[in-house]
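One structure coming up, written as structure tokens, with questions to follow.
Proteins come first, then strands; the chains are lettered A, B, ... in the order of their sequence lines, and each starts at number 1. Nothing here was measured: the structure is a model prediction, and the numbers come from that model. FYI, side chains are in, hydrogens and waters are out, and symmetry mates aren't considered; it's all heavy atoms of this structure.
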2 protein chains.
Amino acid sequence: MTTTEIAAARRREVIPEATVARLPLYLRALHTLADEGTSTISSEALAEAAGVNSAKLRKDLSHLGSYGTRGVGYDVAHLITSISHELGLSRRCSVVLVGVGNLGRALAGYGGFASRGLAIDALLDADPALTGEQIAGLTVRHIDDLPEVVVPGSIGVIATPASAAQLVCDLLVGAGVTSILNFAPTVLSVPADVDLRKVDLSIELQILSFHEHRKSLVTPA
Amino acid sequence: MTTTEIAAARRREVIPEATVARLPLYLRALHTLADEGTSTISSEALAEAAGVNSAKLRKDLSHLGSYGTRGVGYDVAHLITSISHELGLSRRCSVVLVGVGNLGRALAGYGGFASRGLAIDALLDADPALTGEQIAGLTVRHIDDLPEVVVPGSIGVIATPASAAQLVCDLLVGAGVTSILNFAPTVLSVPADVDLRKVDLSIELQILSFHEHRKSLVTPA
DNA sequence: ACGCGCTTGTGAACGCGCGCACAAAGTCAG
DNA sequence: CTGACTTTGTGCGCGCGTTCACAAGCGCGT
Ligand SMILES: NC(=O)c1ccc[n+]([C@@H]2O[C@H](COP(=O)([O-])OP(=O)(O)OC[C@H]3O[C@@H](n4cnc5c(N)ncnc54)[C@H](O)[C@@H]3O)[C@@H](O)[C@H]2O)c1
Ligand SMILES: NC(=O)c1ccc[n+]([C@@H]2O[C@H](COP(=O)([O-])OP(=O)(O)OC[C@H]3O[C@@H](n4cnc5c(N)ncnc54)[C@H](O)[C@@H]3O)[C@@H](O)[C@H]2O)c1
């Protein structure tokens with residue numbers, strides 16, 4: 001890290017969580033725009049492409065300290081660099097996936113991560129029958145090898161059954177992982193310094209089910 | 001729907017979106033408790049199991065109009081019935097999945113939905129080579145058959161490449177679907193009366209990447 | 001050089017959700 | 001029956017996030 005970057009990090013205020021969650025959205029829209037040859041874009045147009053309010057977009061970008069030009073808009077290439085750097089995607093980010101079942105295989109074979117600086121670097125499973133198998137160019141290793149594949153900054157992904165999730169989570173934390181994405185439908189407990197996010201498909205469907213149910217109540221068949 | 005239910009729906013206030021998102025969490029914890037033979041539980045204990053604040057839990061449940069007993073707690077079985085009904089899970093909810101690729105297959109083979117009143121009823125794909133194939137007890141049908149498999153109240157799931165997502169989305173809306181879950185990394189536009197939720201794994205990883213990057217800044221190696 | 005029109009950046013108001021803390025309400029023992 | 005204990009239901013204040021609306025800033029045409 002250069003001294004310039006350190007200074008920039010100090011100067012920069014803390015970025016609101018809600019903003020962080022939208023930066024990847026902007027980044028995707030910007031990549032699309034760049035591919036189309038667009039070099040400059042207004043907050044209005046970019047907000048439209050990202051599906052958000054333009055004032056919100058401007059406020060979000062202002063947190064980055066990346067300045068647009070009044071009367072013109074934002075420089076697409078500069079914004080991509082700026083957001084990528086802020087998200088830590090400039091230097092490739094290592095991802096360790098635990099649980100190579102139905103979901104794990106789909107994730108391992110997915111190309112959408114690598115294209116944005118994220119790459120799955122290791123596949124782990126407790127099933128001896130799976131270790132050694134080649135999936136998407138990676139060799140499945142035994143869960144006991146976890147400490148060997150974790151490097152500082154690694155992100156852990158849990159795709160095991162719910163019953164094994166807390167155990168695997170503890171192993172990850174023990175190996176030094178401080179950022180975990182959990183697909184198992186369980187509440188996991190982690191130390192305060194570990195970031196834990198979850199993706200729960202059942203919950204998403206149940207939320208939709210709720211609204212569908214509500215619609216059927218106000219509009220009785 | 002009985003007149004009692006209509007009356008209940010009228011009496012019940014509108015439930016905050018944040019509460020709706022937590023009901024499935026409570027429901028899961030309650031099912032676990034019921035399986036263990038617990039018949040009564042305090043808000044404190046249930047909140048612990050669901051990983052939320054107990055005051056928040058009580059406020060959430062108060063929206064349901066389901067009353068606990070002071071000094072005792074909540075009746076587990078009654079709460080399960082009450083939440084399930086509120087989420088519209090009492091009568092089975094039909095799910096139509098479009099796009100039987102890596103992710104679509106994983107979803108189709110997943111048993112976690114059916115166990116909670118949600119069941120995938122139809123698999124659709126545009127690839128003629130896939131139509132007729134049996135997956136998880138269902139026959140893959142051609143996307144052109146969409147109108148035939150959609151019933152009132154169906155939930156649509158999009159697991160196609162991003163390039164086809166808006167097209168598929170329009171087809172779903174055209175067929176009468178008003179609740180859609182999208183896995184493709186694109187912004188979709190839908191009429192105002194359609195509920196659209198998205199699950200974006202890349203975004204989750206990028207958010208974790210951001211925090212990991214931040215940690216490395218304040219603790220320079 | 002200068003003003004016109006466009007776009008950014010942000011001040012301020014609003015609404016929502018969270019969590020503390022407590023009164024009301026019910027249980028249970030004696 | 002009474003009193004002590006337990007747990008619910010909620011009033012209230014706080015902080016975050018969203019949005020409107022506008023002043024400040026910049027480029028461009030003339
Ligand atoms: N498949 C889906 O579409 C889907 C959808 C929603 C949620 N999920 C959740 O994602 C998780 C994985 O789902 P799946 O369908 O891939 O399950 P799966 O049973 O197909 O795969 C689980 C894998 O985890 C491995 N495993 C078990 N214990 C382990 C341990 N202690 N350490 C390492 N690996 C271990 C198993 O060997 C297996 O390969 C589950 O928690 C499931 O509830 C899956
Ligand atoms: N695989 C993953 O782990 C993963 C992770 C994150 C996001 N996603 C997203 O989920 C989506 C699906 O991913 P995937 O890996 O399963 O892709 P995939 O290419 O394996 O499967 C896509 C399927 O959609 C079908 N399809 C294409 N156009 C269609 C149309 N117009 N109508 C109906 N079906 C059509 C294809 O025939 C194919 O079977 C993609 O948008 C991807 O970005 C996938």
Side-chain angles (χ1 to χ4, degrees), chain A residues 11-26 29-30 33 38-79 82-83 86 187 192 203 207 210-211, chain B residues 11-26 29-30 33 38-79 82-83 86 187 192 203 207 210-211:
Chain A
R11 171 164 33 81
R12 247 176 264 147
E13 62 214 298
V14 59
I15 298 186
E17 196 56 35
T19 295
V20 174
R22 282 187 295 266
L23 289 181
L25 220 55
Y26 304 153
L30 287 164
L33 288 164
T38 312
S39 65
T40 292
I41 190 158
S42 71
S43 66
E44 198 71 44
L46 182 53
E48 159 92 27
V52 301
N53 181 290
S54 70
K56 183 154 56 178
L57 170 69
R58 288 196 296 275
K59 197 161 282 191
D60 284 344
L61 294 184
S62 75
H63 290 296
L64 297 182
S66 86
Y67 295 133
T69 311
R70 302 183 186 216
V72 177
Y74 297 88
D75 182 75
V76 173
H78 179 259
L79 222 43
S82 190
I83 295 178
E86 191 61 42
V187 176
I203 288 184
I207 294 172
F210 167 84
H211 290 296
Chain B
R11 170 166 33 80
R12 245 176 266 146
E13 62 214 298
V14 60
I15 298 185
E17 197 56 35
T19 294
V20 174
R22 282 187 294 267
L23 290 180
L25 221 54
Y26 305 151
L30 287 164
L33 288 164
T38 312
S39 64
T40 291
I41 188 156
S42 71
S43 66
E44 199 71 44
L46 182 54
E48 159 92 27
V52 302
N53 180 288
S54 70
K56 183 155 56 177
L57 170 70
R58 289 196 295 275
K59 198 163 283 188
D60 283 344
L61 294 183
S62 76
H63 289 296
L64 295 182
S66 85
Y67 295 134
T69 311
R70 301 183 187 216
V72 177
Y74 297 88
D75 181 75
V76 173
H78 178 260
L79 222 43
S82 190
I83 295 178
E86 191 61 42
V187 176
I203 287 184
I207 293 172
F210 167 83
H211 290 297

(message) Distance check, rounded to the nearest 0.5 Å: B/N53 atom CG versus B/E44 atom CD?
(response) 8.0 Å

(request) Measure the CG-OG1 distance between A/L46 and A/T40 for me, rounded to the nearest 0.5 Å. (result) 12.0 Å

(message) Whole angstroms only, please: what is the CG-C1' distance between B/L64 and D/dG9?
(response) 13 Å

(message) Distance check needed: C/dG5 P versus A/E44 CD, whole Å only.
(response) 19 Å

(request) Specify the separation, in whole Å, of atom CD1 of A/I41 and atom C1' of C/dT8. (result) 14 Å

(request) May I ask you to say what B/A55 touches in the nucleic acid, namely base, sugar-phosphate or nothing, with a heavy-atom cut-off under 4.0 Å? (result) base

(request) Kindly compute the distance separating CD1 (B/I207) from CD (A/E17), expressed to the nearest 0.5 Å. (result) 6.5 Å

(message) If you assign A/G71 and A/D60 each to the DNA chain D nucleotide with the nearest heavy atom, which residue ends up on the more 5' nucleotide?
(response) A/D60

(request) Would you indicate, yes or no, if C/dT10 has its OP1 or OP2 atom less than 4.0 angstrom from a side-chain nitrogen or oxygen of A/K59? (result) no

(message) Whole angstroms only, please: what is the CG-C1' distance between A/L57 and C/dT8?
(response) 11 Å

(message) Taking atom types as they are modelled, would you say the side chain of A/R70 forms a donor-acceptor pair with the base of C/dT8 within the 3.5 Å cutoff?
(response) yes

(message) From C-beta outward on A/E17, which listed nucleotide comes closest to its side chain: C/dC18, D/dT18, D/dG17?
(response) D/dG17

(request) Rounded off to whole Å, could you give me the CG-to-P distance for the B/D75 and D/dT8 pair? (result) 13 Å

(message) I want to check one thing: is the phosphate of C/dA24, taken as OP1 and OP2, less than 4.0 Å away from some side-chain N or O of B/R58?
(response) no

(request) Determine yes or no for a side-chain-to-main-chain donor-acceptor pair under 3.5 angstrom, with B/S62 supplying the side chain and B/K59 the backbone. (result) yes

(request) Please state how far atom NE2 in B/H63 lies from atom C1' in D/dT8, giving the value in whole angstrom units. (result) 15 Å

(request) Compare side-chain N and O positions of B/N53 against OP1 and OP2 of C/dC20 and report whether any pair is under 4.0 Å apart. (result) yes

(message) Donor-acceptor check, side chain of B/S42 to backbone of B/A45, threshold 3.5 angstrom: yes or no?
(response) yes

(request) Round to the nearest Å and state the distance from B/Y67 atom OH to D/dG9 atom C1'. (result) 10 Å

(message) Rounding to an integer number of Å, can you tell me how far B/K56 NZ sits from D/dT8 C1'?
(response) 18 Å

(request) Tell me whether the OP1 or OP2 atom of D/dT8 has a side-chain N or O from B/S43 closer than 4.0 Å. (result) yes

(message) From the set C/dT27, D/dG27, D/dT19, return the single nucleotide nearest to any side-chain atom of B/V72.
(response) C/dT27

(message) Just N and O in the side chain of B/Y74: are any of them under 4.0 Å from OP1 or OP2 of D/dG9?
(response) yes

